[in-house]
Amino acid sequence: MADPSSYRPKPGEIPDSPGVYRFRDEHRRVIYVGKAKSLRQRLASYFQDLAGLHPRTRTMVTTAASVEWTVVSTEVEALQLEYSWIKEYDPRFNVKYRDDKSYPYLAVTMSEEFPRVQVMRGHKKKGVRYFGPYGHAWAIRDTVDLLLRVFPVRTCSAGVFKNAARTGRPCLLGYIDKCSAPCVDRVSAEEHRELAEEFCDFMAGRTGTYVRRLEQRMTEAAEEMEYERAARLRDDIGALKKAMEKSAVVLADATDADLVAVAEDELEAAVQIFHVRGGRVRGQRGWVTDKVEEITTGALVEHALQQLYGEETGDAVPREVLVPALPDPVEPVQQWLTGRRGSGVSLRVPQRGDKRALMETVERNAQQALVLHKTKRASDLTTRSRALEEIADALGLDSAPLRIECYDVSHLQGDDVVASMVVFEDGLARKSEYRRFQIKSFAGQDDVRSMHEVITRRFRRYLADRERTGEWSDGAEPDGGRPVDGTAGTAANAGGSAVPAANTLTEDDGRPKRFAYPPQLIVVDGGAPQVAAARRALDGLGIDDIAVCGLAKRLEEVWLPDDGDPVVLPRTSEGLYLLQRVRDEAHRFAISYQRVKRAKRFRSGPLDDVPGLGESRKQALIKHFGSVKKLRAATIEQMCDVPGVGRKTAEAITAALAGAVPSGPAVNTATGEIMDDMVEMDGMDDVEEPGESGGSPGEPVSTGAPDDRRGLET
């Protein structure tokens, strides 16, 4: 535990102006980001007597080892920078609202030539119009099924669309008139886009226009005694009205507003948001967060608005935002929202009328969400704490291992040898810090050597980061003889900002996605040999303050270095259950990566051996010639016609294809049809192969169960 006075800035160093500040721990990881109208007054409040601080604030300042700040011109700029840094660094002591699940949206891909209606989750993409979020995906599908009678927009995937265009036959929806079938040119691209825009207008709340138009056309058809067409229009009107009934009218027509309600206690807060468009509730979502800092309701609302609109622009930000309490001060937040929308945004607390009644409904939802969350989590918190204490007692650790890293090696009969690293913090998986490794130092099957290599590579990176940050407990001077203090504060730059000393990490330091943060416990999947290999790797690097253990699958025994007998935890032990979950997650993650590697090897082609030929130019060549077979028959001059392919590259491609044995013709096993003319995918691979860092943090992780050949994989 650090003494805040050890890194407190000197009097007069902190400017009396708006800005954003960051607290860092001893490993240089950003643990808290805040903004202030006056940096001097705000930071001074953290360095008072510890007894007068809120318990969570006290924990934060004693965990921190340094503080730095950046001066900005206005409070609106401070708000924007604070949001950016919270997204970038993911500080552990900041209030972070996370969806309790990934809410589905109804999305229309307007950026495509033929827009598609589909269900989407996750981050929003450019060129896509979103409606929602909805509570369940089936609610979206029910709504779309009703609307396709009137707006027959494409809903099929790109593969189905291309196949229909190739065969000249539409899919089932095209035959039953729930798709306008642009794939077979029943409508032009312009006509289909107009249908998609009408669909979006209806979903945006402009419903009356389309209902009145259909009613008029139905009346005209009846007067002309075209009763079948009138009946179809009558059914279309019924479908539209049924879709409209799914969204209850709660406010006056044409009202666009978001209602935000907060329910909180001393430890946690729940937020509920109702999205009202055209007077109807078009979506709902909820978040729950731990209150890791002393914070008011207005500040909770401010953080919620940052999370809600931080990456939204235009109509995604409504004209009116109704909240239970206003941030203090409210003007910067209102200006920021106006800037995101591009026009005026009203931020206020409803006092009476329909909006106040609806706000009470949202508040009841927030209260129920908080009660449900606490009911689910009460036993979970107790169980996780007990599990960590049991592990510490069984392994003889000084304290509970709050960060656990587990390693596993996977291969298929000695081929495609890979390893995984998974991270659990406070007993919960932290998937953004998972890493994947390729075994590089040797070929073949040797789990012990593989484990030694992986541990060595991971902690060599850790030591390299410590060297760059100047964290040397022995007082070494790695930077030109200049003394380095691992807990030193910051120096002010010319603009008045506080910046780290020159020997610290680059501008991307502080992110919790690097190898610079060590665990308290390493778990390896295996017995005594794997544990001994991990211990040798750490000893070889001079690391002696990290505990190591192994969990053997046979009898679920826990092995420690230099112990001839394993530690046997009771089968009912929560600590054993946590170790099993950590080990099984590492095993699953390793196998999923090994399968990616194996699939890529199986799909490799002659173009993979051409030096300097990347994926983009491979795809350009295949798209230009249609197949590898036709590319093999092309001349060097013809290859040079492809953008980005020069003569030297074309010669290398010709040589590679000449030395490759052409494969036999593809055959459809169901029909016996020879598919020689179809596009071959040899030499192309859409599977990303991450390096040591395992790709970008937060990437999707396969949760599928291993296949029937699991016995061949380790």
Side chains of R364 and T361: donor-acceptor distance under 3.5 Å anywhere?
yes
Applying ring pair (Phe, Tyr, Trp, His ring centres under 6.0 Å), name anything that partners Y83, two or more places apart in sequence or on another chain.
none
Just to verify, what does R40 make a side-chain hydrogen bond (donor to acceptor under 3.5 Å, both in side chains) with, not counting sequence neighbours?
none
Counting N and O atoms only, with roles assigned by atom type, does the side chain of R384 sit under 3.5 Å from a partner on the main chain of L428, one being a donor and the other an acceptor?
no
Can you tell if the side chain of Q367 reaches within under 4.5 Å of the side chain of V362, non-hydrogen atoms only?
no
Just to verify, what does E360 make a salt bridge (Lys or Arg N to Asp or Glu O under 4.0 Å) with, not counting sequence neighbours?
R356
Within-4.5 Å side-chain heavy-atom neighbours: C179 and V153
no
Just checking, R154 and F161: is the charged tip under 6.0 Å from the six-membered ring centre and within 45° of the axis?
yes
Between R22 and W85, is NZ or CZ placed under 6.0 angstrom from the six-membered ring centre and within 45° of the ring axis?
yes
Can you name the side-chain hydrogen bond (donor to acceptor under 3.5 Å, both in side chains) partners of R348, sequence neighbours left out?
E320
Sequence neighbours left out, cut at 3.5 Å: what donor-acceptor pairs do the side chains of residues 321-337 make with other protein atoms?
from, atom 1, to, atom 2, distance (Å)
Q334, NE2, V345, O, 3.1

What I'd like to find out is whether the side chain of P4 reaches to under 4.5 Å of the side chain of L50, using heavy atoms alone.
yes
What I'd like to find out is whether the side chain of R193 reaches to under 4.5 Å of the side chain of M110, using heavy atoms alone.
yes
Under 4.5 Å between any side-chain heavy atoms of V72 and L81, yes or no?
yes
Measure the spacing between CG of L148 and OG1 of T155 and express it to the nearest 0.5 Å.
6.0 Å
State which residues pass salt bridge (Lys or Arg N to Asp or Glu O under 4.0 Å) with E198; sequence neighbours excluded, sorted by chain then number.
R213
Pairs satisfying salt bridge (Lys or Arg N to Asp or Glu O under 4.0 Å), at least one member in residues 295-309, at least two apart:
K35-E302
E312 meets the salt bridge (Lys or Arg N to Asp or Glu O under 4.0 Å) criterion, sequence neighbours left out, with K124
Holding to side chain to side chain contact (heavy atoms under 4.5 Å, CB included), I want the full list of residues that pass it with T296, two or more places apart in sequence or in another chain.
A299
Answer yes or no: is there a side-chain heavy-atom contact under 4.5 Å between I273 and L259?
no
Residues in side-chain hydrogen bond (donor to acceptor under 3.5 Å, both in side chains) with T297, at least two apart?
E264
Indicate, with yes or no, if the rings of Y46 and Y21 have centres closer together than 6.0 Å.
yes
Are the side chains of P18 and L39 in contact, using a 4.5 Å heavy-atom criterion?
no
Any donor and acceptor pair, going by atom type alone, linking the side chain of Q48 with main-chain N or O of S45 inside 3.5 Å?
yes
Can you sort out the partners of Q306 under side-chain hydrogen bond (donor to acceptor under 3.5 Å, both in side chains), two or more places apart, ordered by chain and number?
E82, H303
List the residues meeting salt bridge (Lys or Arg N to Asp or Glu O under 4.0 Å) with E197, not counting sequence neighbours, and say none if there are none.
none
Taking the side chain as C-beta and beyond, is there a heavy-atom pair between T63 and F23 under 4.5 Å?
no
